[in-house]
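Structure first, commentary second.
Side chains included, hydrogens not; waters and symmetry mates left out as well; all remaining heavy atoms used.
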Amino acid sequence: MPYDLASRLVVGLASSALFDLAESHQVFDNEGEAVYRQYQLDNRARTLKPGVAFPFIKRLLSLNSLRPGNPLVEVILLSKNDPDTGLRVMDSIKAHGLGISRAVFLQGRSPHPYIEALDISLFLSADETDVRVANEAGHAAGQVLDSRFVDSEQDEELRIAFDFDGVLADDQSEAVYQSAGIDEFHQHEQRHAATALSPGPLAPFLRKLRVIQALEEQKALADRGYARKLRVSIVTARNAPSHERVITTMRDWGVAVNEAFFLGGIEKRQVLSVLKPHIFFDDQHSHLTPAAADLPCVHIPFGALNRPR
């Protein structure tokens, strides 16, 4: 019987998002493919160090304990290595105890054609070009940004934070703000407060997270000692009166978040430094740059703000 991916939350992951490949990339860039190939073979026994998305992926996979024998989450490696040089990545996955068994090796080719075929709800990579190509093809793709984030092994929660416009929702309201200013934006959102926005690139990912949230809610009802692991937050520059449309949209989509921060121009980093998400998604570099040094951040290159000018 075929292994069904459609019923699971599937994340596609480049090795550059999962592991710190700075040294390997330097060898490839400075000395070429042949030397890089030998370098990876010679260093196969050296386990790669965790990269920016590692804490997020590790905790996401741990949620499979909620449904033993029928995993909720599937993480598939989409690598631009060939199968031979990719052995070091697979060995490192095993050494770190990550439940990742499925992989695609493409020898330099872009992974985006396989995203739909594998029912992937989110593709993560440190390669800006691969992410933009995937996004332009209509897939939910994010570029993992460099960070000095230090994970805590004692922290068992998984905290995921999203910007709203251009990430969870489309950028139609953002377009009003950019063209007409903040006052017209608020008036527009008040007029449409009862109308849900159209889904943006990460809405399907959020819907799959909702399935996991519901299972945790059921487990907490059955076992009062159970501590829920997954917490989902929205951190947005919206504030009253434009906040109501966010809530309307979430209700219409049948999803829920644990926390929402309507910041109205307050720098997001100030809240994120307290919230400490294991991953934060935003479509604007101006919001990500202050936070990315100390937090795992992902740029979603969606919408008019991210088109070349």
Apply side-chain contact (heavy atoms from CB on, under 4.5 Å) to Asp82 and Leu106, showing your working. CA-CA 6 Å; Asp82 62 24; Leu106 297 165; over 6 Å; no

Under a 4.5 Å side-chain heavy-atom rule over Ile, Leu, Val, Met, Phe, Trp and Tyr, are Ile160 and Leu61 clustered together? yes

Within the 4.5 Å heavy-atom criterion, are Asp130 and Pro111 side-chain neighbours or not? yes

Atom CD of residue position Gln270 - does it have more than 12 heavy atoms of other residues, nucleotides or ligands inside 6.0 Å? yes

Polar side-chain atom of Ser198 near backbone of Asp170 as donor-acceptor pair, under 3.5 Å: no

Show your working on side-chain contact (heavy atoms from CB on, under 4.5 Å) between Leu275 and Ser233 and close with a plain yes or no. CA-CA 9 Å; Leu275 183 63; Ser233 304; 3.9 Å; yes

side-chain contact (heavy atoms from CB on, under 4.5 Å) assessment of Thr249 paired with Arg245: CA-CA 6 Å; Thr249 300; Arg245 199 172 187 195; 4.3 Å; yes

Any non-hydrogen side-chain atom of Leu63 less than 4.5 Å from a side-chain atom of Lys229? yes

Between His192 (side chain) and His188 (backbone), is there a donor-acceptor pair under 3.5 Å? yes

Set out, in order, the CA-CA distance, both residues' side-chain angles and the distance that settles salt bridge (Lys or Arg N to Asp or Glu O under 4.0 Å) for Asp127 and Lys80, then state yes or no. CA-CA 10 Å; Asp127 188 313; Lys80 292 173 76 173; 3.7 Å; yes

Quick one: does any side-chain atom of Arg88 pair with a main-chain N or O of Asn43 as donor and acceptor, under 3.5 Å? yes

Ile300 versus Ala141, closest heavy-atom pair with distance: CD1-O, 3.7 Å

Tell me if a side-chain donor or acceptor on Arg132 pairs with a main-chain N or O of Asn306 at a distance below 3.5 Å. yes

With a 4.5 Å cut-off on side-chain heavy atoms, are Val176 and Ser173 touching? no

Val52 reachable from Val89 in the ILVMFWY side-chain graph, under 4.5 Å edges: yes

If you look at every heavy atom in Ser79 and Ser15, which pair is closest and at what distance? OG-OG, 4.2 Å

Are the side chain of Arg159 and the backbone N or O of Lys276 linked by a donor-acceptor pair below 3.5 Å? yes

Residues Ala14 and Leu77: closest non-hydrogen pair is C-CD1, 4.2 Å

May I ask whether Phe280 and Val246 are part of the same hydrophobic cluster, defined by side-chain heavy atoms of I, L, V, M, F, W, Y residues being less than 4.5 angstrom apart, directly or through others? no

First locate atom CG of Leu48, then atom CZ of Arg46, and finally report the distance between them rounded to the nearest 0.5 Å. 8.0 Å

Side chains of Leu18 and Leu98 in contact at under 4.5 Å (non-hydrogen atoms): yes

Pairwise distance CD(Gln213) to CG(Leu230) - rounded to 0.5 angstrom: 5.0 Å

Test: Asp163 and Lys268 ion pair at under 4.0 Å: yes

Using the ring of each side chain (for Trp, its six-membered ring), is His139 parallel, tilted or perpendicular to His112, with breaks at 30° and 60°? tilted

If you count every heavy atom of other residues, nucleotides or ligands that lies below 6.0 Å from Arg109 atom CZ, does the total exceed 12? no

State plainly whether one hydrophobic cluster holds both Phe281 and Leu197, where clusters connect Ile, Leu, Val, Met, Phe, Trp and Tyr through side-chain heavy atoms under 4.5 angstrom apart. yes

Within the side chain of Asp171, is there an N or O that forms a donor-acceptor pair under 3.5 Å with the backbone of Gly303? no

Using modelled atom types and a 3.5 Å cut-off, is there a donor and acceptor pairing between side-chain atoms of Thr85 and backbone atoms of Asn81? no

Could you check if a side-chain atom of Arg231 sits within less than 4.5 angstrom of a side-chain atom of Leu158, using non-hydrogen atoms only? no

Does the plane of the ring in Phe19 sit parallel, tilted or perpendicular to the ring in Phe54? Use 30° and 60° as the thresholds. tilted

Not counting sequence neighbours, list each pair that qualifies as a ring pair (Phe, Tyr, Trp, His ring centres under 6.0 Å) and has a residue in residues 211-243. His243-Phe262

Can you tell me which residue among Arg8, Arg102, Lys208 is in a salt bridge (Lys or Arg N to Asp or Glu O under 4.0 Å) with Glu74? Arg102

Does Asp91 offer a backbone N or O that forms a donor-acceptor pair with the side chain of Lys94 under 3.5 Å? no

For a 4.5 angstrom cut-off between non-hydrogen side-chain atoms, does Leu295 reach Pro277? yes

Salt-bridge criterion met for Glu216 and Arg228 (N-O under 4.0 Å): no

If you apply the rule side-chain contact (heavy atoms from CB on, under 4.5 Å), what do you find for Arg210 with Trp253, and how did you get there? CA-CA 10 Å; Arg210 179 58 193 153; Trp253 292 355; over 6 Å; no

Any side-chain heavy-atom pair from Ile279 and Val298 closer than 4.5 angstrom? yes

Between Ser16 (side chain only) and Ala126 (backbone N and O only), is there a donor and an acceptor less than 3.5 Å apart? yes

With hydrophobic residues grouped by side-chain heavy-atom distances under 4.5 Å, do Val257 and Leu122 end up in a single group? yes

Is Asp151 paired with Arg59 through a side-chain N to carboxylate O contact shorter than 4.0 Å? yes

Could you tell me whether the side chain of Val232 reaches within less than 4.5 Å of the side chain of Phe162, counting heavy atoms only? yes

Under 3.5 Å: donor-acceptor pair, side chain of Ser242, backbone of Asn239: yes

Should we count CZ of Phe105 as having more than 12 external heavy atoms under 6.0 Å? yes

Inspect the surroundings of OH in Tyr39 and state if more than 12 heavy atoms from other residues, nucleotides or ligands are less than 6.0 Å away. yes

Thinking salt bridges, do Arg238 and Glu174 make one under a 4.0 Å N-O criterion? no

Can Arg37 and Glu31 be said to form a salt bridge (Lys or Arg N to Asp or Glu O under 4.0 Å), step by step? CA-CA 10 Å; Arg37 177 182 297 278; Glu31 303 184 55; over 6 Å; no

Is the number of heavy atoms from other residues, nucleotides or ligands within 6.0 Å of CD (Gln190) greater than 12? yes

Please determine whether the number of non-hydrogen atoms from other residues, nucleotides or ligands lying under 6.0 Å from atom CD of Glu23 exceeds 12. no

